[in-house]
Amino acid sequence: MTITINESLRAYIDPLTEDEYAALERSLLAEGCRDALVLWNDLLVDGHNRYSICEKHGIPFNTVQNKTFQSMDDVHLWMIDNHLGRRSVSDFQRGVLALRKKEILSARSAQEEEQQASAKPAEADAGTQAAAKPPLTRESLARAARVSSATLGQIEKIRKTAAPELVDAVKAGVISINAAAAVATLPGEKQV
């Protein structure tokens with residue numbers, strides 16, 4: 001079986017820390033690979049760390065095909081939802097994932113609206129508008145990420161204006177989300 005690794009897909013979710021990777025390696029060596037790797041055709045979607053450890057040590061593993069994916073956006077949304085459900089994901093990481101989900105769904109919604117507008121006459125059909133999906137709100141995204149709406153707003157500010165060193169510090173837990181959002185309002189050189 002051929003398994004293809006897409007590096008941008010592998011990097012889409014924050015990598016494990018050295019300690020987390022070592023713990024996963026110990027677990028796989030002791031118990032084997034209990035969870036199947038998720039593939040989309042031959043593309044590895046979930047299980048990059050398990051795959052590399054299994055290959056390194058000759059540990060057998062199973063795979064499962066996800067046949068629901070139609071596009072790379074579907075893959076990204078699945079990865080986001082999968083990671084939002086994990087306990088080990090920090091508040092900052094969950095917020096970042098929720099904001100990525102918002103970007104994908106907003107772009108998808110805009111594309112659908114554009115396609116509907118070009119396919120239908122100029123007059124709007126009230127019944128079609130009533131059946132439209134509810135808008136994505138900060139509150140619904142925050143709920144999905146299990147953070148407050150205010151925290152999600154702070155994470156959005158950090159993503160947009162923070163220096164890379166500040167983002168790394170909040171990811172590492174050296175600085176709180178609240179403090180990082182305040183520091184992110186400073187000029188770039190002062191943030192560092």
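Residue numbers start at 1 and run along the sequence shown.
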- When rounded to the nearest 0.5 Å, the distance separating CD1 of Ile13 from CE of Met79 is 4.5 Å

- Task: Verify the cluster assignment for Val174 and Ile177: are they in a single hydrophobic cluster under the rule of side-chain heavy atoms below 4.5 Å apart?
- Result: no

- Query: Within a strict 4.5 Å, meaning less than it, do heavy atoms of the Leu105 and Leu77 side chains meet?
  - Reply: yes

- Query: If you take all heavy atoms of Gln154 and Ala181, which pair is closest and at what distance?
  - Reply: CB-CB, 3.6 Å

Indicate every side-chain donor-acceptor pair of residues 162-171 with a distance under 3.5 Å to a residue at least two apart or in another chain.
none

- Message: Per the ring-ring contact (aromatic ring centres under 6.0 Å, His included) rule, what does the pair list look like for residues 157-192, sequence neighbours excluded?
- Response: none

- Task: Indicate the atoms forming the closest heavy-atom contact of Asp91 with Ile155, along with that distance.
- Result: O-CD1, 3.7 Å

- Name all residues meeting the side chain to side chain contact (heavy atoms under 4.5 Å, CB included) criterion together with Gln93; count only those two or more places apart in sequence or in a different chain, and write none if there are none. Asp14, Val89, Ser90

- Hits for side chain to side chain contact (heavy atoms under 4.5 Å, CB included) against Glu31, two or more places apart or cross-chain, chain-then-number order -> Ser27, Arg34

- Verify, without hydrogens or angle tests, whether Thr161 (side chain) and Ile158 (backbone) share a donor-acceptor contact under 3.5 angstrom. no

- Item | Residues clustered with Leu28, ILVMFWY side-chain links under 4.5 angstrom | Leu16, Tyr21, Leu24, Leu29, Ile53, Ile59

- Message: Does anything in residues 69-81 form a side-chain hydrogen bond (donor to acceptor under 3.5 Å, both in side chains)? List the pairs, not counting sequence neighbours.
- Response: Asp74-Arg108, Asp81-Lys101

- Note on the structure: Sorted by chain and residue number, the side chain to side chain contact (heavy atoms under 4.5 Å, CB included) partners of Glu18 (sequence neighbours excluded) come out as none

- Query: Once you round to the nearest 0.5 Å, how far does CD1 of Ile3 lie from OH of Tyr51?
  - Reply: 4.5 Å

- Would you call Glu20 and Asn49 a side-chain contact if the rule is heavy atoms closer than 4.5 Å? no

- Task: Verify the distance criterion only: is there a donor paired with an acceptor across the side chains of Asn178 and Ser176 at less than 3.5 Å?
- Result: no

- Closest heavy-atom pair and its distance - Ala145, Arg94: O-NE, 2.6 Å

- Message: Within the 4.5 Å heavy-atom criterion, are Glu7 and Arg10 side-chain neighbours or not?
- Response: yes

- Message: The criterion is ring-ring contact (aromatic ring centres under 6.0 Å, His included); which residues satisfy it with His83, sequence neighbours excluded?
- Response: none

- Using the salt bridge (Lys or Arg N to Asp or Glu O under 4.0 Å) rule, collect all pairs that involve residues 137-148, keeping only residues at least two apart or in two chains. Arg138-Glu156

- Task: Mind checking the CG-CG spacing from Leu141 to Leu97? Nearest 0.5 Å is all I need.
- Result: 11.5 Å

- Item | Partners passing side chain to side chain contact (heavy atoms under 4.5 Å, CB included) against Leu186 (at least two apart in sequence or in another chain) | Val183, Lys190, Gln191

Hey, can you pull the donor-acceptor pairs under 3.5 Å for the side chains in residues 60-67, sequence neighbours left out?
unit_1: Gln65; atom_1: OE1; unit_2: Asn41; atom_2: N; d: 2.8
unit_1: Gln65; atom_1: NE2; unit_2: Asn41; atom_2: O; d: 2.5
unit_1: Asn66; atom_1: OD1; unit_2: Thr68; atom_2: N; d: 2.9
unit_1: Asn66; atom_1: OD1; unit_2: Thr68; atom_2: OG1; d: 2.5

- Task: Starting at CG of Leu39, measure out to OG1 of Thr4 and round the result to the nearest 0.5 Å.
- Result: 9.0 Å

- Query: In terms of side-chain heavy atoms, does Ser109 have a donor or acceptor partner in Ser106 at a distance below 3.5 Å?
  - Reply: no

- Going by the salt bridge (Lys or Arg N to Asp or Glu O under 4.0 Å) test, which pairs reach into residues 42-63, not counting sequence neighbours? Glu25-Lys56, Asp46-Arg50, Asp46-Arg86

- Do the side chains of Thr151 and Phe92 get nearer than 4.5 Å, heavy atoms only? no

